[in-house]
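Worksheet: the structure to be examined is printed underneath.
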Amino acid sequence: MNDCAFCRIVADEAPATKVYEDDHLCAFLDIRPITRGHTLVIPKRHAARLSDLDAELGARVFRLGHRLAAAVQHGGLAADGANLLINDGAAAFQTVDHVHLHVIPRKHGDKLRFVKGLVLRRPHDPESTAAAIRAGIAAKDQGAQP
Ligand code: 5GP
Ligand code: ZN
């Protein structure tokens with residue numbers, strides 16, 4: 001096992017509040033969220049940068065980000081939108097060298113709260129937040145066309 005913090009989360013060797021997991025991907029709450037429900041989507045297989053990431057796996061990462069953006073709007077979080085973002089490389093402020101897609105729920109008129117969140121990065125109740133996101137995923141999956 002390498003010393004990557006996100007690989008340790010994948011291996012359940014470090015704690016994290018996971019909201020989704022499959023054979024290829026894992027999604028868990030950011031430990032220092034900008035807004036409530038700020039989630040990171042990662043490939044399970046370690047890739048430090050986008051240039052190290054298989055394109056098909058990258059597509060899976062985005063597809064899950066797409067689902068989560070819908071989930072935070074349809075579950076208990078009742079977001080009105082989301083910012084999806086990848087910081088690729090130190091020049092772009094990447095601080096954890098394992099590719100991750102940020103999904104940051106947004107509400108209408110939350111500009112001041114967003115800026116405050118950017119400065120404070122305080123966790124919200126992780127269990128109820130994760131439960132709301134999981135419910136949003138389930139609600140979207142039920143409504144999905146086959
Ligand atoms: P970056 O600037 O690399 O795009 O963002 C890395 C993100 O990972 C930050 O938002 C930071 O709060 C989050 N993070 C760093 N270490 C951990 C960790 O051990 N667990 C979790 N859940 N999030 C982390
Ligand atoms: Zn890793």
Side-chain angles (χ1 to χ4, degrees), residues 1-138 140-141:
M1 178 57 58
N2 62 35
D3 60 0
C4 168
F6 288 178
C7 282
R8 284 201 298 273
I9 287 173
V10 168
D12 286 325
E13 292 175 0
T17 307
K18 293 183 181 176
V19 299
Y20 178 89
E21 192 167 9
D22 65 24
D23 289 348
H24 304 281
L25 305 170
C26 182
F28 51 89
L29 298 183
D30 194 298
I31 204 167
R32 298 177 65 230
I34 296 172
T35 65
R36 182 169 181 230
H38 181 173
T39 298
L40 303 174
V41 178
I42 67 167
K44 284 189 166 175
R45 194 185 318 139
H46 182 84
R49 297 280 305 271
L50 282 179
S51 53
D52 304 311
L53 184 67
D54 172 76
E56 188 49 43
L57 196 47
R60 285 182 191 274
V61 167
F62 185 78
R63 212 173 292 137
L64 179 55
H66 193 174
R67 277 173 80 190
L68 285 170
V72 297
Q73 293 173 69
H74 289 86
L77 289 190
D80 298 309
N83 294 111
L84 274 68
L85 168 79
I86 290 179
N87 296 325
D88 183 41
F93 304 128
Q94 182 177 2
T95 58
V96 177
D97 288 335
H98 182 134
V99 171
H100 49 283
L101 172 67
H102 295 259
V103 180
I104 308 171
R106 299 297 303 270
K107 293 206 176 183
H108 289 304
D110 72 352
K111 203 149 111 186
L112 280 180
R113 188 179 304 193
F114 185 84
V115 172
K116 200 173 149 194
L118 258 179
V119 175
L120 297 177
R121 310 288 302 259
R122 281 208 190 115
H124 308 259
D125 175 56
E127 280 319 316
S128 69
T129 302
I133 297 174
R134 290 185 205 111
I137 295 172
K140 279 305 289 174
D141 287 354

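Whatever order the structure lists them in is the order used to number ligands and atoms, beginning at 1.
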Taking only distance into account, with no hydrogens and no angle test, what donor-acceptor pairs under 3.5 Å do side-chain atoms of residues 60-73 form with protein atoms, sequence neighbours excluded?
from, atom 1, to, atom 2, distance (Å)
R67, NH2, D141, OD1, 3.1
R67, NH2, D141, OD2, 2.8
Q73, NE2, A69, O, 2.8

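Enclosure of atom CG in L120 by more than 12 non-hydrogen atoms of other residues, nucleotides or ligands within 6.0 angstrom is indicated. Atom CZ of R113 is surrounded by 12 or fewer heavy atoms from other residues, nucleotides or ligands within 6.0 Å.
In plain terms, the two heavy atoms of D30 and R121 that are nearest each other are OD1-NH2, 4.0 Å.
The CG atom of L40 lies 5.0 Å from the CZ atom of F6; values are rounded to the nearest 0.5 Å. Residue T129 holds its OG1 atom at 6.5 Å from CG of L77, rounded to the nearest 0.5 Å.
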Ligand 1: protein N/O within less than 3.5 Å of ligand N/O:
from, atom 1, to, atom 2, distance (Å)
ligand 1, 2 (O), F93, O, 2.8
ligand 1, 2 (O), T95, OG1, 3.3
ligand 1, 3 (O), T95, N, 2.6
ligand 1, 3 (O), T95, OG1, 3.0
ligand 1, 3 (O), V96, N, 3.2
ligand 1, 3 (O), H100, NE2, 2.9
ligand 1, 4 (O), N87, ND2, 2.9
ligand 1, 4 (O), H100, NE2, 2.8
ligand 1, 4 (O), H102, NE2, 2.8
ligand 1, 5 (O), H100, NE2, 3.2
ligand 1, 5 (O), H102, NE2, 3.4
ligand 1, 10 (O), D30, OD1, 3.2
ligand 1, 10 (O), D30, OD2, 2.4
ligand 1, 10 (O), R121, NH2, 2.8
ligand 1, 12 (O), D30, OD1, 2.5
ligand 1, 22 (N), L29, O, 2.9
ligand 1, 22 (N), I31, N, 3.4
ligand 1, 23 (N), I31, N, 3.2

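Between R36 and D110, no side-chain nitrogen of the basic residue sits less than 4.0 Å from a carboxylate oxygen of the acidic one, so the salt-bridge criterion is not met. A salt bridge links R49 and D88; the closest N-O separation between the charged side-chain nitrogens and carboxylate oxygens is under 4.0 Å.
The set of protein atoms (N, O or S) found at less than 2.8 Å from the Zn ion (ligand 2) reads C4 SG, C7 SG, H46 ND1, H98 ND1, by chain and number.
The ring pair (Phe, Tyr, Trp, His ring centres under 6.0 Å) search around H38 returns H102, not counting sequence neighbours.
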